[in-house]
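Notes for the one structure printed next.
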Protein chains: 2
Amino acid sequence: MTAIPQRELNRLAKQRRILDAALSVFAAEGYSGTSMDAIALKAAVSKPTLYQYFGTKEQLFTEIMLAERNTMLLAFDHPGTDMVAELHSFAWHYADTVMRPEFLSLARLIIGEAQRFPEIGRAYQAAGPDRVLAGMITYLTRQRDAGKLTFDDAELAAEDLWGLILSAPRNQALHLPDRIPTRAELARYIHNGLRVFLKAYATDPARDLAQLQTITGTK
Amino acid sequence: MTAIPQRELNRLAKQRRILDAALSVFAAEGYSGTSMDAIALKAAVSKPTLYQYFGTKEQLFTEIMLAERNTMLLAFDHPGTDMVAELHSFAWHYADTVMRPEFLSLARLIIGEAQRFPEIGRAYQAAGPDRVLAGMITYLTRQRDAGKLTFDDAELAAEDLWGLILSAPRNQALHLPDRIPTRAELARYIHNGLRVFLKAYATDPARDLAQLQTITGTK
DNA sequence: TAATAATTTTACTGATCGGTTTAGTAATTA
DNA sequence: TAATTACTAAACCGATCAGTAAAATTATTA
């Protein structure tokens, strides 16, 4: 049996508890609005212990935010035989991820502190949007090479797809935390976004739009 | 000659000075990160005077944010004979407004404090995006009635136009305060956004796209 | 000029902040 | 069991916070 010292297990568990507590408090109150006492209380840890694990408030904050970026990546990995179905699947997967309340809280926190912590804004941009965009570019380019899409600038095409599907509900959700879009509303945005995207970028829009109808089942 | 008492003039001037100072400090430091001393210092006003004008920090903040919404509205009032030219003019006008550093700082502030001050988020949504959207809907509907556009849902069409033109650069700018898009980059987004929009929504895309080329002067 | 209204200065409250110290207790290790 | 390590509770530090009180000073009015 592998011998992992109990000490280390406790330490890691406690560290995780602190990180979770700190993230939730930071997300709810902002950086300046969060007190280390509040974090210690929520983590069920004494304040000196908190300071032993993470030297300062700023260190704890940056560490937590830079660690969090790994949880928010998601690749464009929905393989299938049909492009429209793949796009539809990706759209829903991404919407479900991005529109979760905790995810929105985190985004508000990052945006709100972007001026005070530019490195965190950069890290988020690189690990979140940029990564998703890269995956989308790869996928869209492959579809273009397969003759199903047509465009000159793959980056613009990917950004268009994103903007068509999620910009409206996400921007609204950022301003209105207590008014999270229903799945029916998301479906409306996704269906419309895909429709416009295909109409503008598909080599055979008529066929793909028909396929979209059979998938979404709308009129 | 009209007799406006000097007292009131001074009062209004001082009030304006306080509001300007408070807005800049709040935008730079966030709500919790801003001290009333800092505002008083920047406004060149004593703290008791500050408190005499605005009872509490929270009152000052909400008052300032609810007042600010009037400056950020802009109507879709770019009349002309050519739809493509009008859309192009609107796109630039709106981009120039929305991508200004102070405007972005304000947006970051509102988003960052949306959970603590839901009313401010609501007011901003109603006075900013919703108002612009209403103007766009009116305009697009008129163009549809004139036979130049085709769509079922005017709201979705307006949101698509917005998302195609500004969602990518704006989202990026929200995360990266020190990396504001150049006018060339904005031109790229605007040209591409209008192109995709016309391709998906124009009744005669070929003609409108040609017109777009002559306006933007690109290849 | 005399009266008055507004503002400033200065100092102060009580609370909270980030961060530390101390003294003592519980858990792990050997 | 004994030594060690990690932890807790509590008080504490200096600084800063929102907000107030009082007295001195300035500007406006009549």
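Values in this document were obtained by computation on a predicted structure and should not be read as measured data. Worth knowing before you read on, the calculation uses all heavy atoms, side chains too, and leaves out hydrogens, waters and symmetry mates. Within every chain, numbering begins at 1; the chains are lettered A, B, ... in the order of the sequence lines, protein sequences first and strands thereafter.
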Side-chain atoms of Arg11(A) come closest, of dC7(D), dG18(C), dA21(D), to dC7(D)

Closest to the 5' end of DNA chain C, once Met36(A) and Pro48(A) are matched to their nearest nucleotides, is Met36(A)

Between CG of Leu12(B) and C1' of dA6(C) the distance, given in whole Å, is 14 Å

- Message: Just so I know, are the side chains of Gln59(A) and Thr56(A) near enough to count as touching, which here means a heavy-atom distance under 4.5 Å?
- Response: yes

- Counting only side-chain N and O atoms of Gln52(A), is one of them less than 4.0 Å from OP1 or OP2 of dA6(D)? no

With the side chain defined as heavy atoms from C-beta on, Tyr53(B) is closest, among dT7(C), dC7(D), dT20(D), to dT7(C)

When rounded to whole Å, the CZ to C1' distance for the pair Phe54(B) and dG19(D) reads 16 Å

Side-chain contact check for Ser35(A): nearest option of dT20(D), dT8(D), dG18(C) is dG18(C)

Is a salt bridge present between Lys42(A) and Asp20(A), judged by a nitrogen-to-oxygen distance below 4.0 Å?
-> no

note: Leu50(A), atom CG; dG18(C), atom C1'; distance rounded to Å ~ 11 Å

The correct list of stems in which DNA chain C takes part (3 or more consecutive Watson-Crick or G-U pairs, distances under 3.5 Å) is C:4-27 with D:4-27

Arg17(B) atom CZ is separated from dT7(C) atom C1', nearest whole Å, by 11 Å

Of the candidates dT8(D), dT20(C), dT8(C), the side chain of Val45(B) sits closest to dT8(C)

From CG of Asp37(A) across to C1' of dA11(D) the rounded distance in Å is 13 Å

Separation of dA6(D) atom P from Gln15(A) atom CD, nearest Å, is 14 Å

Review point. Using 30° and 60° as the class limits, which term best fits the ring planes of Tyr94(A) and Phe90(A): parallel, tilted or perpendicular?
Key: parallel

Ranking dT8(D), dG19(D), dT7(C) by distance to the side chain of Thr49(B), first place goes to dT7(C)

Taking the six-membered ring of Tyr31(B), is NZ or CZ of Lys57(B) closer than 6.0 Å to its centre and within 45° of its axis?
yes

Is it the case that atom CZ in Arg100(B) sees more than 12 heavy atoms from other parts of the structure closer than 6.0 Å?
yes

Rounded to whole Å, CG of Leu60(B) lies from P of dG19(D) at a distance of 10 Å

The ring pair (Phe, Tyr, Trp, His ring centres under 6.0 Å) partners of Tyr53(B) (sequence neighbours excluded) come to none

Regarding the side chain of Asn10(A), the nearest nucleotide among dT28(C), dT7(C), dT9(C) is dT28(C)

How is Ser32(B) classified with respect to the nucleic acid when contacts are heavy atoms under 4.0 Å: base, sugar-phosphate, or nothing? nothing

Separation of dG19(C) atom C1' from Lys57(A) atom NZ, nearest Å, is 12 Å

| said: Between Gln172(B) and Pro169(B), is there a side-chain heavy-atom distance shorter than 4.5 Å? | reply: no

With a 4.0 Å cut-off on heavy atoms, is Lys14(A) in touch with a base, just the backbone sugar-phosphate, or nothing at all? sugar-phosphate

Within the structure shown, what part of the strands sits under 4.0 Å from Ala40(A) by heavy-atom distance: base, sugar-phosphate, or nothing?
nothing

**Request:** Identify whether the distance between the nearest side-chain nitrogen and carboxylate oxygen of Arg179(A) and Glu185(A) falls below 4.0 Å.
**Result:** yes

Per atom distances to the Ser46(A) side chain, the nearest of dA18(D), dT8(D), dG18(C) is dT8(D)

